[in-house]
Protein chains: 2
Amino acid sequence: MDVFLPFAEDDLRFMQSFKTGEMQAEPGTQLFIEGAKSAHLFTVLSGMGVRYKTLENGRRQVIGFVLPGDLVGLQAGVMGEMRHSVEATTAMRLCVFNRSRLFELYQNQPDRAFDLTFLAAVEEHFLGDALTTVGQRGAIEKIAWSLHRFYTRSQAVGLAKGLRCPLPYRQQDLADALGLSLVHTNKTLRRLKDLGLAEWSNNVLQINDLEGLAELGLVEITEAVPRPLI
Amino acid sequence: MDVFLPFAEDDLRFMQSFKTGEMQAEPGTQLFIEGAKSAHLFTVLSGMGVRYKTLENGRRQVIGFVLPGDLVGLQAGVMGEMRHSVEATTAMRLCVFNRSRLFELYQNQPDRAFDLTFLAAVEEHFLGDALTTVGQRGAIEKIAWSLHRFYTRSQAVGLAKGLRCPLPYRQQDLADALGLSLVHTNKTLRRLKDLGLAEWSNNVLQINDLEGLAELGLVEITEAVPRPLI
DNA sequence: CGTTATTTTGATTTCTTTCAATCGGTGTGG
DNA sequence: CCACACCGATTGAAAGAAATCAAAATAACG
């Protein structure tokens with residue numbers, strides 16, 4: 001299911017020149033590798049992925065899940081290189097932009113430039129939320145929070161159908177995102193299912209009690225963050 | 001100890017008009033309150049603070065420590081409101097900017113605007129690191145990592161004297177930053193001291209073995225991030 | 001259908017938190 | 001100068017949460 005991006009008419013010509021092309025990524029493809037320089041940034045048209053960091057001791061922290069509409073690689077765009085990796089979980093279709101043109105954009109499209117900063121700020125906000133969850137919530141709260149959040153995001157980009165949305169990750173991915181062990185994640189997931197709150201199988205997340213999930217996950221009542229413009 | 005900001009000659013006039021004034025904040029002052037709108041952004045000239053989020057259940061996650069040279073409030077600047085609070089820990093001297101002028105800056109100073117995005121990206125990178133630490137490292141690694149990082153940052157802004165630097169926080173603040181209990185933080189700090197790695201008392205951090213600290217904290221060998229330009 | 005990857009369980013160990021006090025400074029008022 | 005209140009640091013003991021270990025059950029796949 002594709003997402004259509006709200007380009008303003010005026011910007012279309014410039015953006016099209018900024019856009020280098022489209023790209024297809026198969027599952028498992030490394031879009032970015034931590035520490036590597038990259039000449040491109042991407043906007044996700046369809047498919048899903050993960051951002052993550054790897055530690056010297058082999059452990060992995062999933063920084064976030066990548067959904068359609070997301071911009072990936074801004075860090076590489078402005079800092080020269082990525083400080084985390086990004087991998088395609090499912091097949092993905094990407095809109096490719098040229099890093100070298102980024103500064104042009106700042107000179108010719110101040111409002112687009114502003115949008116980029118905005119996106120970075122939103123990303124920062126999301127990371128703050130994640131940090132808070134990982135740092136301060138217990139296992140069941142973490143899982144509840146993450147499922148609630150994922151469903152809400154899916155809904156925002158039109159991927160949810162009723163109370164169901166695709167969730168094409170492995171439990172290990174969720175565990176690595178929340179700082180839990182696989183086993184404990186599994187058991188907690190089961191507990192959530194037994195409580196009649198949510199159920200995840202066959203890459204599909206089924207919400208049974210959104211209210212209860214939000215309550216358990218101590219989800220903040222946050223008005224929807226405006227959609228990214230690029 | 002003040003930090004001098006590297007304004008380019010050319011930009012001086014504009015930046016000065018952008019700058020609204022200076023401000024003094026006493027310890028305990030709330031610079032920003034989560035969810036509140038704000039008309040200003042600040043650059044820290046001197047003093048230290050904390051960024052944090054508060055949960056419904058009363059727990060607190062410290063998102064980061066604010067040092068001289070830092071820009072705070074960018075989120076409010078571009079998103080309209082802050083998603084976390086910022087509090088002065090010591091007395092602080094701040095350079096105040098006007099939020100309403102922010103968009104002007106994007107139109108007249110593309111390179112300054114780029115710097116802002118850059119800063120946001122750096123912030124995102126730091127948060128990713130913190131998330132990784134909180135999610136994947138054990139207590140002693142967390143503490144080692146955080147002390148190492150704090151010392152390194154202090155050094156970068158010229159606050160360190162030899163192997164010592166000011167660390168005017170409470171153990172509770174560190175605990176809340178790392179997702180540990182106060183008690184455990186205390187015990188772990190002691191362990192670190194017994195290992196001859198680092199010692200923290202009277203608001204001063206004394207590093208005894210930077211190497212060992214880095215090793216234990218699994219600190220990545222990351223080249224210094226270029227200093228912010230604003 | 002055999003092989004591999006992911007999910008699920010149970011038992012056990014390790015790490016953290018919680019609870020309950022004590023200790024040490026600091027500031028105040030007498 | 002001392003009694004008293006207060007706050008942060010420190011300890012010990014006990015309870016609790018999550019990780020690790022080991023293995024079985026399922027699902028996915030060529």
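Residue numbering restarts at 1 for every chain, and letters A, B, ... go by the order of the sequence lines. What you see is a predicted model, and the numbers here were worked out from it, not measured in a lab.
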Participant: Closest to the Arg190(A) side chain: dT10(D), dT8(C), dT9(C)?
Facilitator: dT9(C)
Participant: What is the distance, to the nearest angstrom, from the CG atom on Asn202(A) to the P atom on dT8(C)?
Facilitator: 10 Å
Participant: Closest approach of Arg60(B) and Gln136(A), non-hydrogen atoms and distance?
Facilitator: O-NE2, 2.9 Å
Participant: Salt bridge check, Asp70(A) against Arg153(A): does any charged N sit closer than 4.0 Å to a carboxylate O?
Facilitator: yes
Participant: Quickly work out the Ile143(B) CD1 to dT10(D) P distance and round it to whole Å.
Facilitator: 12 Å
Participant: Answer yes or no: is there an ion pair linking Asp173(A) with Arg170(A), defined by an N-O contact shorter than 4.0 Å?
Facilitator: yes
Participant: For residues Phe65(A) and Tyr169(A), establish whether the separation of their ring centroids is below 6.0 Å.
Facilitator: yes
Participant: Can you tell me how far CH2 of Trp200(A) sits from OG of Ser146(A), rounded to the nearest 0.5 angstrom?
Facilitator: 8.5 Å
Participant: Arg59(B) has an atom CZ; how far is it from atom P of dT17(C), in whole Å?
Facilitator: 8 Å
Participant: What are the atom names and distances for every N/O pair under 3.5 Å that joins the protein to nucleotides 11-16 of chain C?
Facilitator:
unit_1: dT16(C); atom_1: OP1; unit_2: Ala139(B); atom_2: N; d: 3.0
unit_1: dT16(C); atom_1: OP2; unit_2: His184(B); atom_2: NE2; d: 3.0

Participant: Can you tell me how far C1' of dA9(D) sits from CD of Gln172(B), to the nearest Å?
Facilitator: 12 Å
Participant: Starting at CG of Asn203(A) and ending at C1' of dT6(C), how long is that distance when rounded to a whole Å?
Facilitator: 11 Å
Participant: Considering only NZ, NE, NH1 and NH2 on the basic side and carboxylate oxygens on the acidic side, decide whether Asp129(A) and Lys53(B) come within less than 4.0 Å.
Facilitator: yes
Participant: Measure from CG on Asn186(A) to C1' on dC21(D) and round the result to the nearest Å.
Facilitator: 15 Å
Participant: Figure out the CG/P separation between Leu182(A) and dG10(C), and round it to whole Å.
Facilitator: 16 Å
Participant: Rounded off to whole Å, could you give me the CG-to-P distance for the Asn57(B) and dT18(C) pair?
Facilitator: 11 Å
